[in-house]
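Residue numbering restarts at 1 for every chain, and letters A, B, ... go by the order of the sequence lines. Both backbone and side-chain heavy atoms feed into the values below; hydrogens, waters and symmetry mates do not.
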Amino acid sequence: MGSLTTIQRLSEFAGQSVELQGWVYNTRSSGKIGFLMLRDGTGIVQSVISTDDVSGELFGTFETLTQESAVTVRGEVREDKRAPGGYELLVNGLDVHHVAQDYPIAPKEHGTAFLMDHRHLWLRSRRQHAIMLVRHEVIRACRDFLDNNDFVLVDTPIITPNAVEGTTTLFAIDYFGRSAYLTQSGQLYNEANAIALKKVYCFGPTFRAEKSKTRRHLTEFWMVEPEMAYCDLDGNIEWAEQLVAYIVSRVLETRMEQLDVLERDVSRLEVIGTPFPRVSYTEAVDMLQKAGIDFQWGGDFGGGDETILSENFEQPLIIHRFPAAIKAFYMKRDPDDERLALGVDILAPEGYGEIVGGGQREDDLDTLTTLIKQNDLPLEDYQWYLDLRRYGSVPHSGFGMGIERVVGWICGVPHLRETIPYPRTLTRLEP
RNA sequence: UCCGGCGUAGCUCAAUGGUAGAGCGGGUGGCUGUUAACCACUAGGUUGGGGGUUCGAGUCCCUCCGCCGGAGCCA
C-alpha cells in the first residue's frame with residue numbers, strides 16, 4: 001500500500017502510490033470515468049476513477065458519494081496538465097467513512113448572511129481555507145519577529161476590574177457579585193510588564209462593545225501589543241514599521257499559493273518596505289484641506305478621511321503627533337507643543353484603514369495624576385498604574401496592532417468578518 | 001442611536017397591479033478527461049409577520065421584525 005500523506009506534499013510523491021484521508025469537495029462523472037475532487041484540509045486534488053482501471057464495485061461506490069462525505073483514497077500520483085494544480089491521483093482504492101446528507105453549501109454563489117450562518121462549514125471552502133492560512137502566517141510572523149528581537153511574551157488579563165477609558169465601549173460581566181469588564185487593551189498591564197522585563201508583548205483577544213456596523217469592526221478581535229521601556233515615540237514608530245514590513249514579507253514568502261486563490265494583486269504587497277512615509281497630524285490636515293475636504297484642525301479622522309490620506313501612498317502611512325484632546329489620557333504631551341500628544345497611527349494602503357495605534361506614555365507622576373482627574377476617572381483605581389511613575393519611571397512606548405485588519409489588508413478581502421474564524425459583531429453571536 | 005438598501009423554493013435570483021418561474025443543490029436516468037462538467041425527467045412555495053387600498057397585491061400604502069453597510073467610535 002502507498003504512503004499516507006497529505007495533498008500539500010503530493011508533488012513529492014509523483015509516480016508513487018499514496019493514501020489520502022479527506023472529504024469530497026465535488027464530483028463529476030461521464031458514466032465510465034469519474035472525477036473526485038478530494039479536500040484534506042491541506043489542499044484539493046483531482047482524483048480520477050476510470051472503469052478501465054478499477055472494478056465496477058469501486059465505481060459504484062464512487063457514484064454514491066455526496067459533497068463533504070468522508071473518504072480515504074488510495075492511488076498513484078501523476079503529473080497531468082488537465083488536472084487543477086498539475087497533479088492528480090489515479091484511484092485504485094476507496095474507503096467511505098461517512099456519507100454526508102444534503103450539505104448546505106452548494107458549489108455556487110451564496111449570500112454572506114447564509115454563509116455566516118454556516119460559518120462552521122464555510123471554513124472548508126477554498127477561499128476561507130486560504131484566508132485562515134494567511135492569518136496563521138501573520139500571527140506566526142508577529143511572534144517570530146518579536147521573539148527574535150528579545151521581546152518577552154507576558155500575558156495580560158482578559159477580565160479587568162476597572163475601565164481604562166470609560167465604560168461605554170466595554171462588555172460588563174458579573175464577577176461573583178462584583179462588576180468587571182472584558183479587556184479592550186492590555187496596555188496598562190503591558191506598561192508594568194515592560195518596566196519588569198524591558199521589552200514585552202501581549203497577544204490576545206480584545207473586546208469592544210461599540211455599536212459599529214461596518215466592514216471594519218468586530219466586537220471581538222485579536223491584537224498584538226508590544227511595549228518597550230526606555231523607548232520614545234520615534235523608537236516606537238521604528239518597531240511598528242519593521243513589524244508590519246516583516247509580516248508582509250513573510251506572507252509573500254510562504255503564502256503565495258493562498259494569495260493566488262484570493263486573487264490578490266501581490267504587486268501591491270511586494271512594494272512594501274521600510275521606511276514608511278511619516279506625516280504629522282498637522283501635515284495630514286493640510287493634505288485633506290488641499291484635497292478639498294472641509295476638515296478643521298483638532299478633529300479626528302473618519303474612515304473616509306483615512307482612505308483619502310492613504311491613497312497618496314503605496315506604503316503604509318505613519319501619522320504622528322495628534323491633538324491631545326482626541327487621544328487617550330495616558331499619552332505623553334509633545335514637549336515642543338503642549339497641544340499635541342506623542343501618539344502614532346499607521347494606516348494600511350488601499351483604504352484598509354488603521355492597523356496600528358500607539359504612542360509614548362506619560363511617565364511623570366504629577367502630570368498623569370492631573371490627567372486622570374481631568375478625565376473624571378477614579379484615581380483610586382489607578383494607584384497601581386501610578387506606582388510605575390513612583391518607582392523607576394522612564395520614557396516608554398508601545399502600540400497595538402489589529403490582527404484582523406492586517407489579515408484583511410494582506411488578503412485583499414473587503415470585510416473583516418472573513419478574517420477571523422468565528423466573527424462576533426453587533427448582530428452576530430452564532431455559530 | 002441616525003441615514004439608506006434589502007426580505008419570493010434548501011441556496012442565488014426573475015416575475016407592467018392580472019395563472020408564482022429559472023439556475024444551482026436533492027432524486028431518477030444518460031454520457032470514457034471532466035474543470036462550479038454536460039443532457040433529459042422529477043420533487044420542492046403561508047412571496048418575513050400583521051393591517052390597509054383594490055374586482056384582483058410578490059408588486060401600492062402603514063406598521064412591526066430581521067438582515068446588510070454607512071455615519072458616530074475605534075484596531
Side-chain angles (χ1 to χ4, degrees), chain A residues 25-37 44-54 59 63 66-68 78 80-86 88 90 100-118 121-122 125-127 165-166 168-170 184-187 205-225 240 244 299-307 326-328 344-348 352-358 399-409 414-417 419-420 425-428:
Chain A
Y25 196 73
N26 194 11
T27 60
R28 293 184 282 272
S29 171
S30 302
K32 297 290 192 293
I33 183 166
F35 298 93
L36 161 57
M37 300 302 290
I44 296 177
V45 69
Q46 171 167 286
S47 311
V48 185
I49 301 165
S50 168
T51 46
D52 281 351
D53 305 324
V54 301
F59 198 83
E63 289 186 309
T66 56
Q67 198 185 353
E68 289 301 323
R78 195 172 65 174
D80 193 307
K81 278 184 288 191
R82 291 169 297 187
E88 64 183 15
L90 271 178
Q101 299 291 322
D102 298 328
Y103 186 69
I105 302 178
K108 55 163 290 195
E109 300 211 355
H110 293 278
T112 47
F114 174 81
L115 290 169
M116 273 301 165
D117 285 342
H118 297 84
L121 304 176
W122 189 21
S125 77
R126 206 188 299 250
R127 180 181 164 82
E165 303 164 42
T168 52
T169 64
L170 290 172
Q184 60 179 349
S185 167
Q187 190 214 306
T206 307
F207 306 90
R208 303 275 167 92
E210 293 158 1
K211 303 224 167 166
S212 299
K213 300 167 68 167
T214 81
R215 67 182 77 187
R216 296 187 307 277
H217 290 88
L218 298 168
T219 53
E220 176 183 292
F221 64 96
W222 287 68
M223 190 155 67
V224 58
E225 294 178 88
V244 171
D300 211 350
F301 301 130
D305 303 322
E306 290 181 349
T307 301
I326 60 169
K327 288 291 174 184
V344 58
D345 285 354
I346 299 182
L347 305 183
Y352 279 92
E354 186 181 338
I355 51 173
V356 167
F399 61 92
M401 186 180 77
I403 293 300
E404 287 76 17
R405 287 196 178 166
V406 172
V407 173
W409 161 48
H415 203 303
L416 238 47
R417 68 188 157 204
T419 64
I420 185 168
T425 66
L426 191 56
T427 56
R428 181 164 296 280

Pairing partner of [N] (Watson-Crick or G-U wobble, both distances under 3.5 Å):
N      : result
B:rU32 : none
B:rC60 : B:rG52
B:rG44 : none
B:rA15 : none
B:rG69 : B:rC3
B:rG25 : none

Do A:E63 and A:S29 get their side chains close enough for a donor-acceptor pair, meaning under 3.5 Å? no
Measure the shortest side-chain to side-chain distance between A:F221 and A:R405 over non-hydrogen atoms and say whether it is less than 4.5 angstrom.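 A side-chain contact is absent here, since even the closest heavy-atom pair is not under 4.5 Å.
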Classify the nucleic acid contact of [X] as base, sugar-phosphate or nothing, counting any heavy atom under 4.0 Å across all strands shown.
X      : answer
A:V356 : sugar-phosphate
A:E88  : base
A:L218 : base
A:Q67  : nothing
A:F35  : base
A:R417 : sugar-phosphate
A:P104 : nothing
A:D300 : sugar-phosphate

Find the distance [X]:[atom1] to [N]:[atom2] and express it as a whole number of Å.
X      : N      : atom1 : atom2 : result
A:F301 : B:rC74 : CZ    : C1'   : 15 Å
A:L416 : B:rG69 : CG    : C1'   : 14 Å
A:L426 : B:rG66 : CG    : P     : 12 Å
A:F59  : B:rU32 : CZ    : P     : 9 Å
A:M116 : B:rU12 : CE    : P     : 14 Å
A:I49  : B:rG33 : CD1   : C1'   : 13 Å
A:L115 : B:rC67 : CG    : C1'   : 14 Å
A:W222 : B:rA75 : CH2   : C1'   : 15 Å

Side chain of A:R216 only, heavy atoms from C-beta on: which candidate in B:rC67, B:rC74, B:rG33 is closest?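 Comparing B:rC67, B:rC74, B:rG33 against the side chain of A:R216, the answer is B:rC74.
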Looking only at atom [atom1], what distance separates [N] and [M], rounded to whole Å?
N      : M      : atom1 : value
B:rG7  : B:rC60 : P     : 10 Å
B:rC73 : B:rC68 : P     : 23 Å
B:rC38 : B:rC24 : P     : 6 Å
B:rC62 : B:rC6  : P     : 14 Å
B:rG44 : B:rU12 : C1'   : 16 Å

Tell whether [X] reaches the base of [N] with its side chain through a donor-acceptor pair below 3.5 angstrom.
X      : N      : value
A:T66  : B:rG26 : no
A:R405 : B:rC74 : yes
A:R78  : B:rG33 : yes
A:T427 : B:rC67 : no
A:H110 : B:rC11 : no

For the residue pair A:H118 and A:F114, does the interplanar ring angle fall in the parallel (under 30°), tilted (30 to 60°) or perpendicular (over 60°) class? tilted
For B:rG70, does OP1 or OP2 lie under 4.0 Å from any side-chain N or O of A:R215?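 Indeed, a polar side-chain atom of A:R215 lies that close.
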Judged by each residue's nearest nucleotide on RNA chain B, which is more toward the 5′ side, A:G353 or A:H415?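 Comparing both residues, the 5'-ward one is A:H415.
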Select from A:S29 and A:G111 the residue whose nearest nucleotide in RNA chain B is closer to the 5' end of that strand. A:G111
